[in-house]
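What follows is one structure encoded as structure tokens, with my remarks underneath.
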Amino acid sequence: MSKPAATEAVHLPPAEIRRLQTRLLAWYRQHHRQLPWRESRDFYPVWVSEVMLQQTQVQTVVPYFLRFMKAFPTLEDLAGADPQDLLRNWAGLGYYSRARNLQKAARIVLREQGGEFPRSHREALRLPGVGPYTAAAILSIAFDQPLLALDGNVVRVLSRLFRLEGDPARSPVQEMLAAAGRQLLPAHRPGDFNQALMELGATVCLPRNPRCLLCPWSSHCEALKAGVQERLPEKGKRPDTHLSRQAAAVIRHRGRFLIRRRSDSRLLQDMWEFPGGEFSRSDLAGSLVKYLESELRLNVRLRDRLTVVKHAVTNRRITLTVYEARLNPPLPPTLSIPGARWIWLSQAGRYPLTAAASRIVQALTAEHLHRRGRPESGRRQVGLAAPLKP
DNA sequence: AATGCGGGGTG
DNA sequence: CACCCAGCATT
């Protein structure tokens with residue numbers, strides 16, 4: 001059985017290119033999703049959406065995008081925004097340096113480019129948070145520039161269409177994919193073609209169980225012909241995940257709770273959380289008490305275990321045990337702690353909380369309602385800190 | 001080229 | 001569980 005050599009460039013005759021373009025674009029016109037950032041071709045909303053969509057699924061981004069555009073409707077609003085307010089609007093979406101870089105870049109565009117987005121790929125790449133993919137996406141969608149937006153979806157679609165083997169993270173395969181994709185890209189509305197390619201990858205040419213019966217390119221797909229569509233693209237090796245045991249304290253004092261801002265931390269910088277940490281000792285509760293004493297100079301006694309939050313951060317799988325705590329007498333002369341605040345539950349929504357902290361607030365809110373004699377009603381979300389979901 | 005960076009959706 | 005997601009910055 002013959003297959004294309006990994007080093008052999010894909011070459012397409014013009015008639016084939018036209019057939020592929022026509023079929024994909026016809027499919028896209030029929031089946032594309034209505035998404036809020038497709039209502040305008042102004043670079044600002046396109047830019048915001050593309051940054052939010054970095055490593056984040058469409059479905060997740062939609063409500064964040066709507067809220068963000070309401071909070072910061074223009075480039076000027078974003079450039080002038082209070083950083084904590086910005087972070088608060090990003091909280092829960094992850095990869096928070098995206099938000100910081102977006103604001104930095106907005107200020108550069110506003111101050112140094114007179115409010116005009118760069119019109120070349122090379123210039124766009126100078127903006128923090130704008131890489132090869134994002135630059136191509138914005139310039140093709142907002143400015144009709146014929147640049148291929150090579151994202152994870154497009155890698156998958158093209159790997160299968162041309163049956164390109166080898167790890168697409170590596171440079172030779174990457175180059176072949178890009179070269180093949182550029183041949184397909186039409187001069188007219190390249191942004192629509194890019195979006196069609198990504199839409200196909202997101203809704204039809206799925207990582208597992210691709211819906212080849214619905215695919216406008218099924219009769220052209222080399223991987224399908226060979227029956228290897230599920231095996232492509234090849235995946236490189238992944239870093240092993242490791243476990244992390246963490247504990248946090250919900251310290252109640254006169255109806256309020258202590259939250260702390262993460263400073264000097266690469267991870268979740270400037271986000272707020274309930275104080276705690278990662279502990280290796282088997283005595284999780286004891287470790288937490290000692291930690292609070294040495295780190296915050298707070299002498300507490302632990303009460304109930306409130307909840308256990310399981311979540312994953314990059315390659316760590318975290319089990320976070322949450323304890324309720326009270327201060328032991330005698331109280332210190334001042335409860336003021338640098339970088340921390342005592343807040344009411346109802347004020348939680350004013351802070352950019354980590355996802356784990358949000359889950360804890362949710363649990364506290366449910367418990368609070370329960371204590372006031374209103375039984376929990378399903379998954380009802382209450383209060384400002386309710387997670388952002390459609 | 002390899003690693004770190006969040007969090008959630010999905011089979 | 002593992003894998004993936006409209007990637008980028010840093011080393």
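Every chain is numbered from 1 and lettered A, B, ... according to where its sequence line falls, protein lines coming before strand lines.
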Which nucleotide, [options], lies nearest any side-chain atom of [X]?
X	options	answer
A:Ser171	B:dG11, B:dA1, C:dA6	B:dA1
A:Val313	C:dA6, B:dG7, B:dA1	B:dG7
A:Gln54	B:dG11, B:dC5, C:dC8	C:dC8
A:Lys235	C:dC1, B:dG6, C:dC3	C:dC3
A:Leu268	B:dA2, C:dA6, B:dG7	B:dG7
A:Arg317	B:dA1, C:dA2, B:dC5	C:dA2

Sugar-phosphate only, base, or nothing, as touched by [X] at under 4.0 Å among non-hydrogen atoms:
X	result
A:Gly131	sugar-phosphate
A:Ala169	nothing
A:Asn194	nothing
A:Ala355	sugar-phosphate
A:Gly201	nothing
A:Arg266	sugar-phosphate
A:Trp37	base
A:Leu267	sugar-phosphate

- Would you mind telling me which residue lines up with the more 5' stretch of DNA chain C, A:Gln195 or A:Leu243, judged by nearest nucleotide? A:Leu243
Does [X] place a side-chain N or O at less than 4.0 Å from the phosphate oxygens OP1/OP2 of [N]?
X	N	result
A:Gln55	C:dG7	yes
A:Ser49	C:dA6	no
A:Arg156	C:dC5	yes
A:Arg208	C:dC3	no
A:Gln59	B:dT10	yes
A:Arg238	C:dC4	yes
A:Tyr95	C:dC5	no

If you measure only the distance, is there a donor-acceptor pair under 3.5 Å linking the side chains of [X] and [Y]?
X	Y	result
A:His121	A:Gln145	no
A:Ser287	A:Arg245	no
A:Thr134	A:Glu50	no
A:Gln347	A:Arg341	no
A:Thr354	A:Arg262	no

- Message: Testing the basics here: between A:Leu335 and A:Trp342, what is the closest heavy-atom pair and its distance to 0.1 Å?
- Response: O-NE1, 3.1 Å
- Query: If you look at every heavy atom in A:Phe162 and A:Glu222, which pair is closest and at what distance?
  - Reply: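 Shortest heavy-atom separation between A:Phe162 and A:Glu222 comes out as C-CB, 4.0 Å.
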Atom [atom1] of [X] to atom [atom2] of [N]: distance rounded to whole Å?
X	N	atom1	atom2	answer
A:His32	C:dA6	NE2	P	17 Å
A:Asp240	C:dC3	CG	P	11 Å
A:Arg316	B:dG4	CZ	P	8 Å
A:Lys310	C:dA2	NZ	P	13 Å
A:Ile318	B:dC5	CD1	P	11 Å
A:Leu53	B:dG8	CG	P	16 Å
A:Asn315	B:dA2	CG	P	16 Å
A:Leu206	C:dA2	CG	P	21 Å

- Same-atom distance (P) from C:dA6 to B:dG11, integer angstrom: 14 Å
- Message: When the C1' atoms of B:dG6 and C:dC3 are compared, how many Å lie between them, rounded to an integer?
- Response: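 Per the computed distance, 16 Å lies between those C1' atoms.
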- Item | Atom CZ of A:Arg33: over 12 foreign heavy atoms under 6.0 Å | yes
- Message: Under 4.0 Å, heavy atom to any atom of DNA chain C: which of residues 115-130 of chain A qualify?
- Response: A:Leu127, A:Pro128, A:Gly129, A:Val130
- For DNA chain C, find the residues of residues 97-105 of chain A with a heavy-atom distance under 4.0 Å and give them by number; none if there aren't any.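 Here the set is empty: none.
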- Message: Check for me, please, whether A:Leu258 and A:Leu268 land in the same ILVMFWY cluster - side-chain distances under 4.5 Å, paths through other members count.
- Response: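 Different clusters.
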- May I ask whether A:Phe257 and A:Leu331 are part of the same hydrophobic cluster, defined by side-chain heavy atoms of I, L, V, M, F, W, Y residues being less than 4.5 angstrom apart, directly or through others? no
- Message: I'd like to know if A:Thr56 reaches the base of B:dG7 with its side chain, counting only an N/O donor and acceptor under 3.5 Å.
- Response: no
- Query: Do side-chain atoms of A:Arg107 reach the backbone of A:Ala79 as a donor and acceptor pair under 3.5 angstrom?
  - Reply: yes
- Should the ring pair A:Phe68 and A:Trp90 be called parallel, tilted or perpendicular, given that the plane angle runs from 0 to 90° and is split at 30 and 60? perpendicular
- Query: In terms of the nearest nucleotide of DNA chain B, which residue is placed more toward the 5' end: A:Lys237 or A:Gln57?
  - Reply: A:Lys237
